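In what follows, a single structure is set out as structure tokens and then discussed.
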2 protein chains.
Amino acid sequence: MRHVPPALPCWQASGPLDGTGHRLYAGSPPDRAAEGTTALPETAKPIERLATALAPHFGDRLTANSVVREQHSHGEGWRSPDATLQPELVIFAETTNEVARVLRECSTRGIAVTAFGGGTSLEGQTTPLRGGVSLDLSRMTRVIEMRPEDMTCRVEAGVTRQALNHDLRDMGLFFAVDPGGEATIGGMCATRASGTGAVRYGTIAENVSGLTVVTVDGRVLRTGGSVRKSSTGYDLTHLFIGSEGTLGIITEIQLRLHGIPESVVGATCQFETLSDAIDTAVMVMQSGLPVGRMEFLDEVQMDACIRYSKLDGLRALPSLFFEFHGTPTATREQAETVRAIVDDNRGFDFRWSASEAERLALWKARHAAYFAGTAYRPGWSCMTTDAIVPISRLTELMTGAKADIAASGLVAPILGHVGDGNFHTLILYPPEPGAYERAVALDHQIIARALALGGSASGEHGIGMAKQMFMTREHDANALDVMRAIKAALDPANLLNPGKLLPPAD
Amino acid sequence: MRHVPPALPCWQASGPLDGTGHRLYAGSPPDRAAEGTTALPETAKPIERLATALAPHFGDRLTANSVVREQHSHGEGWRSPDATLQPELVIFAETTNEVARVLRECSTRGIAVTAFGGGTSLEGQTTPLRGGVSLDLSRMTRVIEMRPEDMTCRVEAGVTRQALNHDLRDMGLFFAVDPGGEATIGGMCATRASGTGAVRYGTIAENVSGLTVVTVDGRVLRTGGSVRKSSTGYDLTHLFIGSEGTLGIITEIQLRLHGIPESVVGATCQFETLSDAIDTAVMVMQSGLPVGRMEFLDEVQMDACIRYSKLDGLRALPSLFFEFHGTPTATREQAETVRAIVDDNRGFDFRWSASEAERLALWKARHAAYFAGTAYRPGWSCMTTDAIVPISRLTELMTGAKADIAASGLVAPILGHVGDGNFHTLILYPPEPGAYERAVALDHQIIARALALGGSASGEHGIGMAKQMFMTREHDANALDVMRAIKAALDPANLLNPGKLLPPAD
């Protein structure tokens, strides 16, 4: 499960789509009058009838090209052992109305639809388990409305964090959710993503105030709005966030923005022991300091980073990386307060800087952590994991996880969004029989530890296929029944990303 | 609609229940063996059968006393013109299992159940439109678990903010949602409440990470948990928050707590014009300052406060009240930054203090605003309103609202959680024919203005009965259909607070 991905979104990895053929159905130029009228043999399958109906409109944005289908058969991370699990058709939608049209046509024909964004989800969310259509929203990249005065904007689902923050920079604003990679904002919503900034700015759930969603039968609805709060009706916004395309397809998002801080201070420090580092993080959280980011790297991860980035002045020891956001006075004061907490916990080599260049140099190890990890054992494969516990249980979880890692004989650098209690390892396993299975077993051991400590099986990667077996361990049967009742109410024929998120009922 | 309430929760207003009789059904002392076996005539109504079944267990916590039933026929604010709308039975539950049992027994008999907490909701949420049972949770006042190290605790639904903060004080923590009044935390969840602290700490939705909920058929489920974030499954926590007891009954809440700030600075300033005051608030928000509270009082509200509290040094002019939370250095810096923004917007008399006594004196007008408003026209009645817009539209909303107020011939002090764009008036109307109808018309005019400006019909009071007509204006038909589908899935026989929140389908 959760193999390491190519660095590019999957559909870009083989170059842009060029419309030079390979399309099974879209043979003629757009001609709305002809839609649905092409003669098909009576034995034509529903998917063929769908393609015939939609091809005149979508042209070469509707394709059964085998390369494109393969690209849309998985995200990053988890892959099905069954390589034949592919969409029968990939459709690139460019507007909400196009999404509605595809859903309407699929719904009437009983064809499954799986949404696809940046292709960066980690738990198999985008694999179309029942074939059908992979509906790619990555070309929906418009910023629909920008309202700096209200610190909000409305974007289409295919906009990425990087593209949006580029647009926002001149307004002194930024979008704070940073899961890493080239994820789309629609995809972040679908998987309830977060990242290093969540400790200060919250997850995607706290940074979205409204959505446009298309239901399985092609109806378009708006949830929430652009106000900062509201108490009028059921909170559909948060119901669709994290639902992984199983309840509806998110096409637009109303985002909360934040002011770019006047001053950003970076800091690093090191510890002889894991528990000193974690105790420091716990005390920083309890102090109420509005820390901007706080990341933990264990000694294995630090060793990997030092080798990868040729770092001076850092040792292969448990380390914390901080950012403080605010006014120059406030960030300096926060850095000094944290230095005192670090000292109290036997930390050392506390360095900080308000200069952007120095801050980036200080954070170089953290920024390269993922690639340093993957390069740590050349020729080995790797698997990312995700678990979360209440922060007071983090030392216990990490100590236990390190014992599990040692017993497994594998190598697994640890990295954590430690202010949230969120914990990742990158399990490295050699190219030998049984190693993959040992990696999976280690991943499951760590998640089981997190659940036993009152935690959750996924802090920010979602469920997809790869974590379904933990749903019954984390949620009680009645809660799962309510989730199933909602799924049945909104998608009675089970056409939206079927087989995902909810485990089969007994 | 939304008449002014007694200051005490309704069921306390006539003294404690003493179990001295007036119970129609609970004739014998608790005797579990006898439950359900009492002989009833075949013509007995379902509610009589229910009472007979439950009386042995609940004793005098199950009552049909007419005074208690009347107390449970309304919250504060809105009251039905039909005074016969009362529960047939009031049951005081003390545990989640008791709630489950009541729901199970009601469900099998087709009896409606309306939850009741502090009795402070404003839009008619607690009025049992179809009679049945009013299920009072106000005696569920246990703090179940206190975890200061994780800045979280778990409480029963009947715990109030005041009681909880009393318990938390020695740990240096506090619960930040403050809707005013003696609301229970379960009730705050049910109505998605917020208040003056929301600008910094969020609404109840951002301060709850998990719930225990009882479904209509008496099954108990847990949502969320004690971790700071999770991406495992549908977000049932936020689905139940704001659902006003129509999808399930919330019996326990996992809360996020905050550190009591080391320093709290209070400040006030005044302006010649409304627009200068609102522009100041907008600029403070855009500056990214983490302001703790920011409240607006218009010249009418200030006049009422000055008369009521005999204030010196304040004039009947538009005014802003601030709190800054943080370290002494940070709060002082924030106060100075805000003073500069106030100066830029022609504000004056900026006063601030870090001393608790002086801060309370500065904020005296704001703290007494509600009672000052109600006392402003002796003998008149009053009606609270609630609307919210994107903050950039607040000046336009308030200017329009003041024109509406002038045209109405009524008196209506304005008060706003201005950092959120949230706006309240207290409409005062004389005891004369037609005045109540004019007040209602004014309320509706203001809400219509908010909706036309891209706002919401309720920032924090919810929908209940009083605001149902705005649901179809704020939400599109497809969104309402999805809400109805969820209601039908979770409460197919429409027994949970029937008739509330969702307007009837066409």
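Just so you know, these numbers come straight off a predicted model, no measurement behind them. Residue numbers start from 1 in every chain, and the chains themselves are labelled A, B, ... in the order their sequence lines are given, proteins ahead of strands.
Across all non-hydrogen atoms, the minimal contact from B/T232 to A/S456 is CG2-OG, 3.4 Å. Nearest heavy atom pair, residue A/V282 against residue B/E149, reads CG1-O, 4.4 Å. Closest non-hydrogen pair, B/H238 versus A/D235, comes out as O-CB, 3.3 Å. For the residue pair B/A485 and A/A489, the shortest heavy atom distance occurs at O-CB, 3.8 Å.
For B/D476, the part lying under 4.5 angstrom from a heavy atom of chain A is the side chain only. The contact between B/Q286 and chain A is made by backbone and side chain atoms together, counting heavy-atom distances below 4.5 Å. For chain A, the nearby parts of B/M483 are the backbone and the side chain; heavy atoms of each come within less than 4.5 Å. Contacts of B/I391 with chain A are made by both backbone and side-chain atoms, with heavy-atom separations under 4.5 Å. There is no contact between B/L480 and chain A, counting heavy-atom distances below 4.5 Å. B/M283 does not touch chain A: none of its heavy atoms, backbone or side chain, sits under 4.5 Å away.
Ranked by heavy-atom pairs shorter than 4.5 Å toward chain B, the options A/G326, A/P290, A/S243 are led by A/S243. For the options B/T337, B/T203, B/L236, heavy-atom pairs under 4.5 Å to chain A are most numerous at B/L236.
Side chains of B/Y234 and A/L239 form a contact here, defined as non-hydrogen atoms less than 4.5 Å apart. Between B/E474 and A/S230 the shortest side-chain heavy-atom distance falls below 4.5 Å.
Without hydrogens or angle criteria, A/N478 side chain to B/R219 main chain gives no donor-acceptor distance under 3.5 Å.
For A/S231 and B/S458, the side-chain atoms include at least one donor-acceptor pair closer than 3.5 Å. Side-chain polar atoms of B/K229 and A/S194 form a donor-acceptor pair below 3.5 angstrom.
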Go through the steps for B/H475 and A/T223 under the test side chain to side chain contact (heavy atoms under 4.5 Å, CB included), then give the verdict.
-> CA-CA 8 Å; B/H475 299 289; A/T223 74; over 6 Å; no
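Remark: B/R393 pairs with A/R147, B/V389, B/P390, B/E396, B/L453 by the side chain to side chain contact (heavy atoms under 4.5 Å, CB included) rule, at least two apart or across chains.
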